[in-house]
Amino acid sequence: MESTLRRTWSEINLDALKFNYEKIREKTGKGVKFLGVVKADAYGHGSIAVAKTLEESGADYLAVSSIDEAMELRVNDIKMPILILGHTPKEQVQRLIKYNITQAVTCRAKAVEYSEEAVKIGGTLKVHIKVDTGMSRLGYLCEGNFFDNGVKGICEAINMQGLYAEGIFTHFAVADEEGDENLEYTKHQFKLFTDVCSEVERRVGRRFEIKHCANTGAVARFPETYLDMVRPGLLLYGYGEFAKEMGLKPVMTLKTTVSTIKVYPEGTKISYGGIYVTDKTTRIGVLPYGYADGFLRCLSNKCTLMTSDGPAPIRGKICMDMCMLDITDKPGVEVGSEIEIFGEKNSIDELSKTAGTIPYELTCSVSKRVPREYIKNGEVIGRELMLRM
Ligand SMILES: *Cc1c(COP(=O)(O)O)cnc(C)c1O
């Protein structure tokens, strides 16, 4: 840890996280619960620190993608309700019950398996029913001709022994996309979801405690979809257009340092493949940041990183452990100078656009050899390096 610190590292600003959380709750209003999506190690921000911050701030629920992610939180003393959005093998039902973890039920086959296991153990598994309203991923298919069959399947699951259906949810496919067609699609998904909920509630004669569907795009744009609980991920971490519009702050700042500076004459090929050739005397800073740290290689020769003297271009191919930054007109940049890869000064939104991807992929790509520094109340409260040592 000490050895890699101040090489390349990620600063996780838990104050910004709390700020974003409070801003989002202000927008969604009282009476709407808040589920923080912390799957994939909280989009690369560190799920334990993020979960603790959300727990202290008064969030209601967390969501992860697998039982391993849920157990990581439980083992680290997170007491809040946790929903597993993805698949859990039936052999794990005992652990789900023991650790009070809520499981998504996505089809009849899973409902039957989970019910049988729960009955065998003599326990009750808390579940949220997943409805497929147009994402075409997991969930009871309820579109068009499938409506009646879908509703029937959901009612059957609710009445199965050993299962307690606390909630029901669906997921939007294009809530963050511009254009009338997308707007209509989301509206249609929402209407189908509320139709399914009403019909199921009518047939079983009771109401779900928690109906939820609003992801980042819907939280930002469609207040009518909030229902009992909102379920944002990206917005909470402060990236994307909606975060900007709402004045939210980026939680992660990824930084590196200049390890070596070299000055090359005109006509020098830089890095593998020689795709960049200097057109004048060029001052190059070698950065200890490469694709093994999460720097997407497709950004080779394409992007700029932020120095104290402004943006500087990456030259040539990004290597596994290093990359080359052109600091010819940045006299203030010296060996040891900090370079911001993304954060407040170098927008991750721009960087991800240049890479032809989305900010989610960039924060999730920060690799395990990059240490994290957690900041709370303006002070560093913890450091973490996830290597086996
Ligand atoms: C990842 C995920 C979310 C959060 O999505 P964002 O776009 O980050 O807000 C919400 N619900 C489900 C089911 C998800 O898989």
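Along the sequence shown, residues carry numbers from 1. Whatever order the structure lists them in is the order used to number ligands and atoms, beginning at 1.
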Worksheet item: Just by modelled atom types, is the G58 backbone N or O under 3.5 Å from a matching donor or acceptor in the R25 side chain?
Response: yes
Practice prompt. If you link ILVMFWY side chains whenever their heavy atoms are less than 4.5 Å apart, which other residues fall into the same cluster as F146? By chain and number, please.
Written response: L141
Worksheet item: With a 3.5 Å cut-off and no angle check, do the side chains of K262 and Y264 form a donor-acceptor pair?
Response: yes
Worksheet item: Does the side chain of S66 come under 3.5 Å of the side chain of D68 through a donor N or O and an acceptor N or O?
Response: no
Does ligand 1 have any N/O pairs with the protein under 3.5 Å, and how far apart?
unit_1   : atom_1 : unit_2 : atom_2 : d
ligand 1 : 7 (O)  : Y360   : OH     : 2.6
ligand 1 : 8 (O)  : Y43    : OH     : 2.5
ligand 1 : 8 (O)  : L234   : N      : 2.8
ligand 1 : 9 (O)  : T216   : N      : 2.8
ligand 1 : 9 (O)  : T216   : OG1    : 2.5
ligand 1 : 9 (O)  : G233   : N      : 2.9
ligand 1 : 11 (N) : H171   : ND1    : 3.4
ligand 1 : 11 (N) : R231   : NE     : 2.9
ligand 1 : 11 (N) : R231   : NH2    : 3.1
ligand 1 : 15 (O) : K39    : NZ     : 2.7
ligand 1 : 15 (O) : R137   : NH2    : 3.4

Worksheet item: Relative to each other, are the rings of F172 and F190 parallel, tilted or perpendicular (30° and 60° limits)?
Response: tilted
Worksheet entry | Which atom of L236 lies closest to which atom of V251, heavy atoms considered | O-CG2, 3.9 Å
